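The structure appears right after this line, and notes come after that.
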Amino acid sequence: MEIPEEYPASAAYGDDRMNFRCSTTYAATGEYDLHCHNFYEIYLFLKGDADYLVEGRHYRPAPNSLLLLAPNAFHGVRINTDADYRRFALHFHPDVLSAERRALLLSVFPGAGQPNAQIYFENTQDWQLPAFFQALSDCSRLEPVLAAPLMSVAMEGLLARIYTMAAASCPLNGREPVSDPVSALLLYLNSHVREPVTLDQLSERFFISKHHLNKVFRRATGTTVFDYLLHKRVILAQQLLADGHSAQEAALQAGFGDYSSFYRAYRRILGHSPLQDRGALPALSREKGERMQWVGLKGV
């Protein structure tokens with residue numbers, strides 16, 4: 001299906017709870033820009049030559065395909081050529097949704113312990129999803145006093161439509177059990193982020209040598225087992241700090257054995273002291289100086 005010409009080359013809206021963009025890139029990256037964050041993301045691929053990696057699973061998006069990304073999921077895109085790469089991306093925090101509908105609308109995103117939940121959908125034009133993104137784009141161009149409330153309403157409409165599509169495409173009782181070893185390992189790690197984990201333990205549990213375990217894990221996810229766990233724990237601690245926990249409490253609840261190792265990891269990954277993030281409002285930004293930054297794995 002051809003991408004409608006009325007889709008804008010660019011559109012943008014941002015506040016403390018929501019960030020919406022329609023953007024185009026004209027340069028290949030050659031590698032995945034892996035990262036994770038504490039907010040939800042809805043991504044609609046329009047055109048281009050790209051691959052997506054989400055928690056060890058690879059996706060080759062087709063025009064009008066959709067990805068649902070839950071908080072703390074490691075993901076990244078690789079742009080393969082200099083051809084136009086166009087997409088809509090919507091990032092948001094749950095409190096942008098009305099309290100009475102929040103749980104229902106967020107149920108389209110996979111939760112912990114659901115490694116095989118469907119997060120990728122093709123042919124979304126059959127469900128008129130591109131039109132819902134276009135509605136968000138239209139709202140983003142309004143005066144701020146109108147844009148803020150109407151963007152929230154339009155986003156709830158989009159999530160309601162996604163819920164209908166997901167329910168028809170993937171009934172709750174239709175999920176398959178985990179079969180491949182990396183998916184099983186990711187499920188285990190995500191379920192035990194707060195607990196001590198050793199390579200010896202993982203090797204024994206999954207019947208694979210420590211060397212080979214790290215090798216297949218890096219090939220699938222772009223990082224090592226313990227860098228993956230470390231980044232997950234830091235982003236969890238960051239959320240705990242934002243919720244008002246002390247640094248010591250956040251370190252303990254996020255699975256760090258002692259405060260000094262937590263402090264060093266936090267400074268290395270986020271570039272600032274954990275004390276700066278206690279009670280901080282989240283910020284939907286990659287810019288330095290924001291309190292809640294994207295946690296990138298590039299260069300790990």
Side-chain angles (χ1 to χ4, degrees), residues 8 10-23 33 35-44 67-76 87-109 111 132-160 162-163 231-232 234-247 249-250 253-254 266 269-296:
S10 64
Y13 173 86
D15 58 28
D16 289 340
R17 302 182 301 167
M18 182 193 310
N19 187 294
F20 170 77
R21 291 185 183 278
C22 178
S23 51
D33 178 17
H35 58 276
C36 70
H37 40 65
N38 279 322
F39 37 90
Y40 292 85
E41 180 176 351
I42 306 173
Y43 164 93
L44 183 71
L67 270 169
L68 299 174
L69 302 166
N72 303 340
F74 275 110
H75 59 281
R87 68 280 188 195
F88 283 110
L90 174 65
H91 304 89
F92 66 95
H93 290 279
D95 60 4
V96 75
L97 303 171
S98 57
E100 65 271 24
R101 292 185 288 274
R102 188 177 302 155
L104 175 65
L105 295 176
L106 291 179
S107 68
V108 301
F109 292 89
F132 284 83
F133 281 91
Q134 183 61 53
L136 282 164
S137 182
D138 294 340
C139 291
S140 73
R141 289 175 163 76
L142 297 174
E143 293 295 320
V145 68
L146 291 175
L150 291 179
M151 288 290 290
S152 296
V153 171
M155 193 181 78
E156 290 202 357
L158 169 63
L159 281 167
I162 292 173
Y163 182 94
H231 283 73
K232 285 274 186 174
V234 165
I235 202 98
L236 173 59
Q238 188 184 45
Q239 184 60 57
L240 291 167
L241 286 164
D243 290 341
H245 291 79
S246 70
E249 291 171 338
Q253 291 190 35
Y266 206 96
I269 291 171
L270 293 179
H272 59 264
S273 164
L275 300 178
Q276 289 182 232
D277 287 335
R278 187 177 184 190
L281 291 174
L284 292 168
S285 173
R286 288 191 180 204
E287 298 300 320
K288 292 182 179 179
E290 295 288 4
R291 289 319 246 325
M292 296 192 73
Q293 299 155 320
W294 298 47
V295 177

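When a residue number appears, it is its place in the shown sequence, counting from 1. Keep in mind that this is a model prediction, so the values were computed, not measured.
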request  = Report yes if the distance between the aromatic ring centroids of Phe20 and Phe88 is under 6.0 Å, otherwise no.
outcome  = yes

Centroid-centroid distance, His37 to His75, less than 6.0 Å = yes

key: Residues which pass salt bridge (charged side-chain N to carboxylate O under 4.0 Å, His left out) with Arg102, listed by chain and number, not counting sequence neighbours   = none

key: Heavy-atom pair with the smallest gap, counting every atom of Ser140 and Ala12   = CB-O, 3.8 Å

query = How far apart are the closest heavy atoms of His35 and Gly76, and which atoms are they?
reply = CE1-CA, 4.5 Å

Whether the side chain of [X] engages the backbone of [Y] through a donor-acceptor N/O pair (distance < 3.5 Å, no angle test) should be reported.
X: Glu249; Y: Ser246; value: yes
X: Arg101; Y: Leu97; value: no
X: Arg87; Y: Cys22; value: no
X: Glu156; Y: Ser98; value: yes
X: His272; Y: Leu270; value: yes
X: His91; Y: Glu41; value: no

task = Name the orientation class of the two ring planes belonging to His231 and Phe74 (parallel below 30°, tilted from 30 to 60°, perpendicular beyond 60°).
result = perpendicular

query = Would one find more than 12 heavy atoms of other residues, nucleotides or ligands at under 6.0 Å from atom CD of Glu100?
reply = yes

